[in-house]
Amino acid sequence: MSKRIRFPKQAIPYMLLAPVFLYYVIFWLYPVISGVKEVFTGMDGSFSLTQNFKLIFHSDLFSKSVWDTASFAFFSVVLEYLIALLLAILLTIPFVGSKALMFIAMIPMSLTPTATAILWKTGLLKDGWLNTILLFIHLTKEPITFMNVEGLDAVRMLIFIDAWTVTPSVMIILIAGLQGLQNDQKEAAYLFGASKWQIFHDIILPALKPSITTSIIIRMIAAIQVWAISVMVLGYSTAPFLVERVAFYIEAIPGVETSKKLAYTYSFLTSVIVFLATVFYLRITKKEEEQSI
């Protein structure tokens, strides 16, 4: 009779995780390593630490893409957080129409990025629905040519579109944090004569801190990697971002060795910026927590 092969109990979890680990090695780790290798390989195939970085530093719209990405990431995160916090606090207070407001606020979450881009692109046309509304309510006498915006005006418009799209997801995270807040804490503060601002600053905000940290990190990472809305609404190079440059060199000018190197290096640089921004934010929040103790 053949003997059954018995594995130690300690090895069973690793055996169950092995297929997932193998999948990530083949479809994630290997492409990442290959991409990093391309970043530090020169045009002649030899190792080069700086050649490809010099290539992107001298590429068209590099400095503008860095500035646009930083501006978009900062202002979109701040705007979305403020609106989401206001809506989250408002929707935790029972009032007539709160469910209807919640439903309306959640509508952007039901749309895919492509649908959102189509919606706003049709709205921003000279004869689109946005100009139709503005003319109807007499906020403007002539149609506004939104699609001709450039520079910071284009970035501002994309920040507005992104805020409309993403604010509901940030709001949900903050509402979840507010639901864990105990009402007896607020009632006790009211009894001891605390003002609404003191309750918000000393009770609500500290309770929301984990949710705030999570939402800001998620949004910051996503904002740094923005590109789809920009390309689908305005096209390439109108509002250049770091990841938009990656898509530009892959899709707009494919088949050129230089464009391939630029795409890999832009992608690597964006990943480093995302990592450093996350670490910086976590260290700041950790210091604030240590000082408050």
| Candidate pair Val149 and Leu124, rule side-chain contact (heavy atoms from CB on, under 4.5 Å), full reasoning | CA-CA 11 Å; Val149 293; Leu124 294 169; over 6 Å; no
| request: With Arg283 as the cation and Phe280 as the aromatic partner, state whether NZ or CZ is under 6.0 Å from the six-membered ring centre and within 45° of the axis. | output: no
| field | Met232 side, atom CE; Ile161 side, atom CD1 - distance, nearest 0.5 Å | value | 10.5 Å
| Closest contact, heavy atoms only, Pro31 versus Ile26 | CD-O, 3.4 Å
| Does any non-hydrogen side-chain atom of Thr213 lie less than 4.5 Å from one of Leu282? | yes
| request: Could you list all the salt bridge (charged side-chain N to carboxylate O under 4.0 Å, His left out) pairs where at least one residue sits in residues 218-239, not counting sequence neighbours? | output: Glu80-Arg219, Asp162-Arg219
| field | Heavy-atom closest contact (Gly42 atom, Ser48 atom, distance) | value | N-CB, 4.1 Å
| said: Would the distance check show the side chain of Ser259 and the main-chain N or O of Ile253 forming a donor-acceptor pair, the cut-off being under 3.5 Å? | reply: yes
| query | Does the side chain of Phe40 reach to within under 4.5 Å of the side chain of Asn52, using non-hydrogen atoms? | reply | no
| Picking from Leu86, Ile212, Thr167, what satisfies side chain to side chain contact (heavy atoms under 4.5 Å, CB included) with Tyr81? | Ile212
| message | Is there a side-chain contact (heavy atoms from CB on, under 4.5 Å) between Phe57 and Phe53? Walk through the geometry before answering. | response | CA-CA 6 Å; Phe57 293 156; Phe53 289 99; 4.0 Å; yes
| field | Interatomic spacing from OG1 in Thr270 to CH2 in Trp227 - rounded to 0.5 Å | value | 12.5 Å
| Can you find a pair of side-chain heavy atoms, one from Ser63 and one from Val66, that are under 4.5 Å apart? | no
| Within a strict 4.5 Å, meaning less than it, do heavy atoms of the Tyr266 and Ser65 side chains meet? | yes
| query | Heavy-atom count around Trp164 CH2 within 6.0 Å, excluding the residue itself: above 12? | reply | yes
| Taking the side chain from Asn131 and the backbone from Ile144, do they hold a donor-acceptor pair closer than 3.5 Å? | yes
| request: With the side chain counted from C-beta on, respond yes when Phe248 and Leu61 share a heavy-atom pair under 4.5 Å apart, and no when they do not. | output: no
| field | pair Val243-Val226: side-chain heavy atoms closer than 4.5 Å | value | no
| field | Other residues, nucleotides, ligands: >12 heavy atoms within 6.0 Å of Phe275 CZ | value | no
| Contact list for residues 103-126, test salt bridge (charged side-chain N to carboxylate O under 4.0 Å, His left out), sequence neighbours left out | none
| request: Give the minimum heavy-atom separation between Thr132 and Asp127, together with the two atoms involved. | output: OG1-O, 4.3 Å
| said: Donor-acceptor check, side chain of Ser230 to backbone of Ala239, threshold 3.5 angstrom: yes or no? | reply: yes
| query | More than 12 heavy atoms of other residues, nucleotides or ligands under 6.0 Å from OH of Tyr14: is that the case? | reply | no
| At their closest point, which heavy atom of Met171 faces which heavy atom of Met102, and how far apart are they? | CE-SD, 4.0 Å
| query | For the residue pair Tyr249 and Asp60, what are the closest heavy atoms and their distance? | reply | OH-O, 4.1 Å
| request: Compare every heavy atom of Trp129 with every heavy atom of Gly123, then report the nearest pair and how far apart it is. | output: CA-NE1, 2.9 Å
| request: Would you check if the side chain of Ser59 reaches a backbone N or O of Ile56 as a donor-acceptor pair within less than 3.5 Å? | output: yes
| task | Just do the side-chain contact (heavy atoms from CB on, under 4.5 Å) check on Ile229 and Trp120 with the steps written out, would you? | result | CA-CA 9 Å; Ile229 290 293; Trp120 281 102; over 6 Å; no
| Under 4.5 Å between any side-chain heavy atoms of Tyr24 and Tyr30, yes or no? | no
| task | Using a 4.5 Å cut-off on heavy atoms from C-beta on, say whether the side chain of Glu251 contacts that of Val231. | result | no
| said: Quick check for you: to the nearest 0.5 Å, what is the distance between Ser71 atom OG and Ile159 atom CD1? | reply: 7.0 Å
| Residues, nucleotides or ligands: over 12 heavy atoms within 6.0 Å of Phe75 CZ | no
| Rounded distance [0.5 Å steps], CG in Leu101 versus CG in Leu91 | 5.0 Å
| remark: Rounded to the nearest 0.5 Å, the CG atom of Leu49 sits from the OG1 atom of Thr41 at a distance of 11.0 Å
| note | Here the gap from Thr165 atom OG1 to Phe160 atom CZ, rounded to the nearest 0.5 Å, amounts to 9.5 Å
